[in-house]
*Asks:* 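This is the structure I have questions about; it appears just below.
Lettering follows sequence order; numbering is per chain, from 1.
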Amino acid sequence: MLRLSKILNKKVVKALSRAFPEEALAADINGETLDAQLVPASKPEFGDFQINGALQLAKLLNQSPQKIAAAIVEQLQNDREFSTMFKPPEIAGPGFINITLNNRCLEAEVTQHLQDERLGVPLVNPSPETKEGSRIVIDFSSPNIAKEMHVGHLRSTIIGDSLARILEFRGHQVLRLNHLGDWGTQFGMLISYLKLVAPEALATANAVDLGDLVNFYRQAKQRFDEDECFQTTSREEVINLQSGDPIALQAWELLCNQSRKEFQQIYDKLDIRITERGESFYNQYLEGVIKDLDANGILVNDQGAKCIFLEGITGKNGKPFPMIIQKSDGGFNYATTDLAAIRYRFNSLPNGDEAQRLIYVTDAGQANHFKGIFQIAKRANWIPNGGLLEHVPFGLVHGEDGKKLKTRSGDTVRLRDLLDEAINRAESDLRHRLEEEGREESAAFIKHVSNTVGIAAIKYADLSQNRMTNYQFSFDKMLALQGNTAPYLLYALVRIAGITRKGGDISHSTDKLQFSEPQEWCLIRELLKFDEVIIEVEEQLLPNRLCSYLFGLSQVFNRFYDQVPVLKADEPNRGCRLTLCKLTADTLQLGMNLLGLPTLERM
RNA sequence: GGGGCUGUAGCUCAGCCGGAUAGAGCGACGGUUUCCUAAACCGUAGGUCGUGGGUUCGAGUCCCGCCAGCCCCGCCA
């Protein structure tokens, strides 16, 4: 519909200025335009589009909304092309204009989408130099070395991946960066502790596994909180590491490798592609950040620490809030690293990423932090012309009790356990149903379906919710066979695959499409909305919009499937309906790909 | 104290640039299977959009106040 709505919009703007030439000219002189407010119809009864502008223009034009609407409609009807594309517009209510596409135009649009792999979604305009879309960095996932991935990483990973897929599809060059927590105080803690209790772990590969490391980390953290002496050793150890001490570096590398293997298993399960570039990468740029900030005159020495006082943000005492860039002991902290990362990512190649847009997918609790470092980046003049810095925040994952998700014993839930449980539950659901239906399936089939359903369910449950709100994690709901869930979407695709298997040549091209059933028209209208939804998701970075669209499409398809026979219909209906099935399958498939959801032929 | 987010049906949530009678799903109740996977479809009930003002032709949506819940705020990330 994107193409059609653009054409229509031009016609409406023209009609409005022809209907009211003097006022349009006057507005033009003031640098304004008369706004016709063309939007998609809010309800199917109102057609495909509606023009709301007549109501607002009533005052300006000093006429009744109905009269204005009538004048616009008259101009539209003078447009011959308009009349070939649309049914006669109708004026309704206080002065709305309802516009409905005529059937032939819809049929032509379906034909065009059938030949278009992109289903109407345009590529972004390439920049003249690179001949490609803009370079975008998406910073997501970002687990910490020596800790296991837990629910907290789930949302960032899933949402970040989906946004990356959508931006890539639009033609941007996307750099997916895993800003791994592989540096900092925690390492000092861990290395000092391991020196005491398990020195072999620091010198030999695979001496300990991640589970052990996590335990050591927990113990180290406890010791750190209780033992002042240990705190000092830990801080010294960080400084050793940051200054390149070979023994510390070797220990560090072993620890990282151990964690890396574990992370990769999770990413493989979730089908996440991401480039590792941990905090340590920016170590070599930290000094430069300090110098640069100092040269810009915004660095202040306060109680021995180098900080920047944020403008417009006050701390507890009502004074400007300080952001510490270098601690009094000379160590750097995460703000320094984040600043170095911004500077590097905006910098020109080859000493930077030359990005035009940086997107951070982290929890909403870090909003203040990002506000602060974004302000500093701006004041330090690191943001190029047209450069964008965006924090894409999301809410917490809650359990069904409405509190932060924990295991029964009160620990954080490990991501691997969460995925395994979803898969196991999907498997027992499947086995139960196979038994009920008397179906026999191979072990490989059962494994594949359970895996796909389990992973898709977890991802979809997360993506389908507006990311800003906290979300209630429930295996029962996400795996439910009905409702707005991944299994429901998967099932729609499976039904179409079933039609194909039963002899519907879905690639069969029909010269002339023609439709008659209301359910066919509903399906067509829904299918043609896909392109607009993708653009909207790109603008707002809200994948849940795509989810609701795909759910709605599945619902409309299921209604169609239920009420309109496909294989048993006579030609030409049979062929036409098969092409609708094909287009539905393509749309669902592409939409689910863009969300990072795996799909199935049978389930 | 400062900042942020949230408050919509019994439950979980949508709601786009302010548009027409407020939208789903679950749950509840009732119906549909000679037929392409019933993991589906159809129907019924269910609302003071936290609250009080304001802006205007029109407010769940924008502005201000208040109430409630959650999160963040100096050397952890």
Side-chain angles (χ1 to χ4, degrees), chain A residues 35 37 39-40 42-43 45-46 50 52 55-56 58-59 65 92-96 98 142 144 181 183-186 189 221 224 279 302-307 313-318 321-329 331 333-335 337-338 362-369 371-372 393 395-396 398 400 402-404 429-430 433 437 439 453 464-466 468-472 474 476-477 480-485 487-488 490-492 494-504 532 536 539-540 542 544-545 547-548 551-552 555 558-559 561-563 565-568 581 602-603:
Chain A
D35 187 4
Q37 297 187 37
V39 292
S42 58
K43 287 183 181 186
E45 306 93 273
F46 301 152
Q50 61 188 67
N52 297 335
L55 289 96
Q56 199 168 46
K59 198 169 234 180
F96 297 103
N98 295 335
S142 310
N144 293 310
W183 211 241
T185 311
Q186 76 222 17
M189 246 160 40
K221 169 84 172 130
F224 186 87
E279 297 176 339
D302 190 77
Q303 296 167 41
K306 288 181 182 163
C307 26
I313 301 174
T314 48
K316 279 178 182 161
N317 48 14
F321 181 81
M323 192 156 253
I324 293 175
I325 308 300
Q326 187 166 25
K327 297 186 275 187
S328 46
D329 64 5
N333 57 17
Y334 69 109
T337 310
D338 281 345
T362 80
D363 68 281
Q366 296 189 52
N368 286 342
H369 168 68
K371 216 171 163 184
L396 301 170
H398 284 177
E400 291 187 73
K403 292 178 187 159
K404 214 170 164 178
D429 281 353
L430 177 62
R433 203 172 42 255
E437 294 170 9
R439 272 168 71 190
V453 170
S464 60
Q465 186 116 10
N466 185 318
M468 287 302 296
T469 55
N470 292 342
Y471 117 86
Q472 202 174 73
S474 158
D476 288 333
K477 278 179 186 157
L481 312 168
Q482 53 279 107
N484 186 5
T485 64
Y488 184 90
L490 288 170
Y491 181 61
V494 162
R495 281 184 141 180
I496 301 173
I499 292 178
T500 317
R501 270 198 309 279
K502 286 277 163 77
E532 281 172 353
E536 191 186 307
E539 281 168 1
Q540 322 223 349
L542 288 174
N544 66 305
R545 295 272 163 78
C547 293
S548 1
F551 176 56
Q555 279 183 308
N558 276 330
R559 221 166 282 154
Y561 181 94
D562 204 61
Q563 293 167 26
V566 177
L567 291 178
K568 295 208 160 85
C581 289
R602 291 199 309 126
M603 63 192 281

*Asks:* Rounded to whole angstroms, how far apart are CG on A/L490 and C1' on B/U37?
*Replies:*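 It works out to 13 Å between those atoms.
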*Asks:* So A/S42, base contact, sugar-phosphate only, or nothing? Heavy-atom distance under 4.0 Å.
*Replies:*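 Counting heavy atoms under 4.0 Å across all strands, the contact made by A/S42 includes a base.
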*Asks:* Would you tabulate the pairs of protein nitrogen or oxygen atoms and nucleotide nitrogen or oxygen atoms of nucleotides 25-27 of chain B closer than 3.5 angstrom?
*Replies:*
from	atom 1	to	atom 2	distance (Å)
B/G25	OP1	A/Q555	NE2	3.3

*Asks:* Tell me whether the OP1 or OP2 atom of B/A77 has a side-chain N or O from A/T362 closer than 4.0 Å.
*Replies:*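 It does not, given that no N or O in the side chain of A/T362 lies less than 4.0 Å from OP1 or OP2 of B/A77.
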*Asks:* Looking at residues at least two apart in the chain, or sitting in another chain, which of them share a ring-ring contact (aromatic ring centres under 6.0 Å, His included) with A/Y488?
*Replies:*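 So A/Y488 forms a ring-ring contact (aromatic ring centres under 6.0 Å, His included) with A/F551.
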*Asks:* Could you tell me whether the phosphate oxygens of B/C75, OP1 or OP2, come under 4.0 Å of any side-chain nitrogen or oxygen in A/K306?
*Replies:*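 Looking at the OP1 and OP2 atoms of B/C75, neither is under 4.0 Å from any side-chain N or O of A/K306.
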*Asks:* Where is the tightest heavy-atom contact between A/V453 and A/P487, given as atom of each residue plus distance?
*Replies:*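 Taking A/V453 first and A/P487 second, the nearest heavy atoms are CG1-CG, 4.1 Å.
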*Asks:* According to a 3.5 Å limit on both distances, what stems of 3 or more consecutive Watson-Crick or G-U pairs are formed with RNA chain B?
*Replies:*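 Paired runs of 3+ in RNA chain B: B:1-7 with B:67-73, B:10-13 with B:23-26, B:28-32 with B:40-44, B:50-54 with B:62-66.
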*Asks:* Do you know which two heavy atoms are closest between A/F46 and A/N98, and how far apart they sit?
*Replies:*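 A/F46 and A/N98 have their closest heavy atoms at O-CB, 3.2 Å.
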*Asks:* Considering only nitrogen or oxygen atoms on both sides, find all protein atoms under 3.5 Å from nucleotides 56-61 of chain B and state each distance.
*Replies:*
from	atom 1	to	atom 2	distance (Å)
B/C57	OP1	A/K59	NZ	2.8
B/C57	OP2	A/K59	NZ	2.7

*Asks:* Please report the interatomic distance SG(A/C581) to CD1(A/I496), rounded to the nearest 0.5 Å.
*Replies:*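 Rounded to the nearest 0.5 Å, the SG-CD1 separation comes out at 5.5 Å.
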*Asks:* Taking all non-hydrogen atoms of both residues, which atom of A/R602 and which atom of A/R501 are closest, and how far apart?
*Replies:*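 Minimum heavy-atom separation between A/R602 and A/R501: CG-NH1, 3.2 Å.
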*Asks:* Classify A/R545 by what it touches in the nucleic acid, base, sugar-phosphate, or nothing, heavy-atom distance under 4.0 Å.
*Replies:*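 If one applies the 4.0 Å heavy-atom cut-off, A/R545 turns out to touch the sugar-phosphate alone, with no base involved.
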*Asks:* Out of curiosity, A/L481 CG to A/M603 CE, how far, rounded to the nearest 0.5 Å?
*Replies:*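 Spacing of CG (A/L481) from CE (A/M603) equals 7.5 Å.
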*Asks:* Taking atom types as modelled, find out whether A/Q37 and A/Q56 have a side-chain donor-acceptor pair closer than 3.5 angstrom.
*Replies:*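 Present: a donor and an acceptor within the cut-off.
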*Asks:* How would you label the contact of A/E437 with the nucleic acid (heavy atoms, under 4.0 Å): base, sugar-phosphate, or nothing?
*Replies:*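 The residue A/E437 makes sugar-phosphate contact but no base contact.
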*Asks:* For A/T485 and A/A480, which heavy atoms make the closest approach, and how far apart are they?
*Replies:*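 It is OG1-O, 3.0 Å.
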*Asks:* Just call it for A/F46: base, sugar-phosphate, or nothing, with non-hydrogen atoms closer than 4.0 Å on any strand.
*Replies:*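 A/F46: base contact, heavy atoms under 4.0 Å.
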*Asks:* Decide, applying a 5.5 Å centre-distance limit and a 30° plane-angle limit (both strict), whether A/F96 stacks on B/G19.
*Replies:*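 Aromatic stack with B/G19 absent for A/F96.
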*Asks:* Can you tell me if A/Q366 and A/D363 form a side-chain donor-acceptor pair at under 3.5 Å?
*Replies:*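 Per modelled atom types, A/Q366 and A/D363 side chains form a pair under 3.5 Å.
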*Asks:* What nucleotide, of B/C13, B/U21, B/C75, holds the atom closest to the side chain of A/Q465?
*Replies:*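 Nearest to the side-chain atoms of A/Q465, counting from C-beta on, is B/C13.
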*Asks:* Which way is the base of B/C67 turned, syn or anti, if we draw the line at 90° from 0?
*Replies:*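 Anti, which is what one calls it when the glycosidic angle falls more than 90° from 0.
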*Asks:* Check every strand shown and say whether A/T469 touches a base, only sugar-phosphate, or nothing at a heavy-atom separation below 4.0 Å.
*Replies:*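 Answer is sugar-phosphate: A/T469 comes under 4.0 Å of backbone atoms only.
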*Asks:* Tell me what A/A305 touches on the nucleic acid: a base, only sugar-phosphate, or nothing, going by heavy atoms under 4.0 Å.
*Replies:*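 Base, at least one base atom sits under 4.0 Å.
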*Asks:* Kindly point out which of B/G74, B/C5, B/C16 is positioned nearest to the side chain of A/M468?
*Replies:*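 Given the options B/G74, B/C5, B/C16, the side chain of A/M468 is closest to B/C5.
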*Asks:* Evaluate the side-chain proximity of A/K306 to A/K327: yes if any heavy-atom separation is below 4.5 Å, no if none is.
*Replies:*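 Answer no - side chains too far apart.
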*Asks:* Need one value for A/M323: base, sugar-phosphate or nothing, where a base atom within 4.0 Å counts as base even if backbone is also close, heavy atoms only.
*Replies:*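 Here A/M323 touches no strand at all.
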*Asks:* Between atom NE2 in A/H398 and atom P in B/C11, what is the gap in whole Å?
*Replies:*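 In whole Å, B/C11 P lies 17 Å from A/H398 NE2.
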*Asks:* Taking the side chain of A/R501 as heavy atoms from C-beta outward, which of B/U37, B/A40, B/C73 is closest to it?
*Replies:*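 Of all the options, the side chain of A/R501 is nearest to B/U37.
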*Asks:* For a quick check of understanding: with a heavy-atom distance under 4.0 Å over all strands, which category does A/D329 fall into, base, sugar-phosphate or nothing?
*Replies:*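 No contact.
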*Asks:* I'd like to know if A/D302 reaches the base of B/G74 with its side chain, counting only an N/O donor and acceptor under 3.5 Å.
*Replies:*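 Check passes, donor-acceptor contact within cut-off.
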*Asks:* Report the residue (A/G365 or A/D35) whose heavy-atom-nearest nucleotide on RNA chain B is the more 5′ of the two.
*Replies:*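 Closer to the 5' end of RNA chain B: A/D35.
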*Asks:* Under 3.5 Å, which N/O atoms of the protein pair with N/O atoms of nucleotides 28-36 of chain B?
*Replies:*
from	atom 1	to	atom 2	distance (Å)
B/C35	O2'	A/K568	NZ	2.5
B/C36	O3'	A/K502	NZ	3.3
B/C36	O2'	A/I499	N	3.4
B/C36	O2	A/L567	N	3.2
B/C36	N3	A/V566	N	3.4
B/C36	N4	A/Y561	O	2.4
B/C36	N4	A/V564	O	3.1

*Asks:* So which nucleotide from B/A40, B/G74, B/C76 ends up closest to the side chain of A/Y488?
*Replies:*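 Ranking B/A40, B/G74, B/C76 by closest atom to the A/Y488 side chain puts B/A40 first.
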*Asks:* Does A/A92 or A/Q472 map to a spot on RNA chain B nearer the 5' end, using the closest nucleotide for each?
*Replies:*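 Mapping each residue to its closest nucleotide by heavy atoms, the 5'-most match is A/Q472.
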*Asks:* Minimum heavy-atom separation for A/A335 and A/I324, please, with both atom names.
*Replies:*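 Scanning both residues, the minimum pair turns out to be CB-O, 3.8 Å.
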*Asks:* May I ask you to say what A/N466 touches in the nucleic acid, namely base, sugar-phosphate or nothing, with a heavy-atom cut-off under 4.0 Å?
*Replies:*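 Contact class for A/N466: sugar-phosphate only.
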*Asks:* By the 4.0 Å heavy-atom rule, please label A/N98 as base, sugar-phosphate, or nothing.
*Replies:*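 Base: the residue A/N98, judged by heavy atoms under 4.0 Å, touches a nucleobase.
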*Asks:* At under 4.0 Å, does any side-chain N or O of A/K327 touch on OP1 or OP2 of B/C76?
*Replies:*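 It does, given that an N or O in the side chain of A/K327 lies less than 4.0 Å from OP1 or OP2 of B/C76.
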*Asks:* With heavy atoms under 4.0 Å as the rule, sort A/N368 into base, sugar-phosphate or nothing.
*Replies:*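 Counting heavy atoms under 4.0 Å across all strands, the contact made by A/N368 includes a base.
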*Asks:* Tell me every residue that passes salt bridge (Lys or Arg N to Asp or Glu O under 4.0 Å) with A/E536, counting only those two or more places apart in sequence or in another chain.
*Replies:*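 Once residues adjacent in sequence are excluded, the partners of A/E536 under the salt bridge (Lys or Arg N to Asp or Glu O under 4.0 Å) criterion are A/R545.
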*Asks:* For A/Q540, answer base if it contacts any base atom (sugar-phosphate contacts may also be present), sugar-phosphate if it contacts only those atoms, and nothing otherwise; contact means non-hydrogen atoms under 4.0 Å.
*Replies:*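 Here A/Q540 touches the backbone only, sparing every base.
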*Asks:* Under 4.0 Å, heavy atoms only, any strand: does A/N470 hit a base, just the sugar-phosphate, or nothing?
*Replies:*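 It contacts sugar-phosphate atoms only.
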*Asks:* Does A/Q50 reach the main-chain N or O of A/S42 with its side chain, forming a donor-acceptor pair under 3.5 Å?
*Replies:*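 Checking the backbone N and O of A/S42 against the side chain of A/Q50, a donor-acceptor pair under 3.5 Å is found.
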*Asks:* So, does A/T469 use its side chain to make a donor-acceptor pair with the main chain of A/Q465 at under 3.5 Å?
*Replies:*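 Not at all, since once roles are kept as given, no pair shorter than 3.5 Å links the two residues.
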*Asks:* What contact category does A/N558 fall into here, base, sugar-phosphate, or nothing, at under 4.0 angstrom with non-hydrogen atoms?
*Replies:*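 Counting heavy atoms under 4.0 Å across all strands, the contact made by A/N558 is with sugar-phosphate only.
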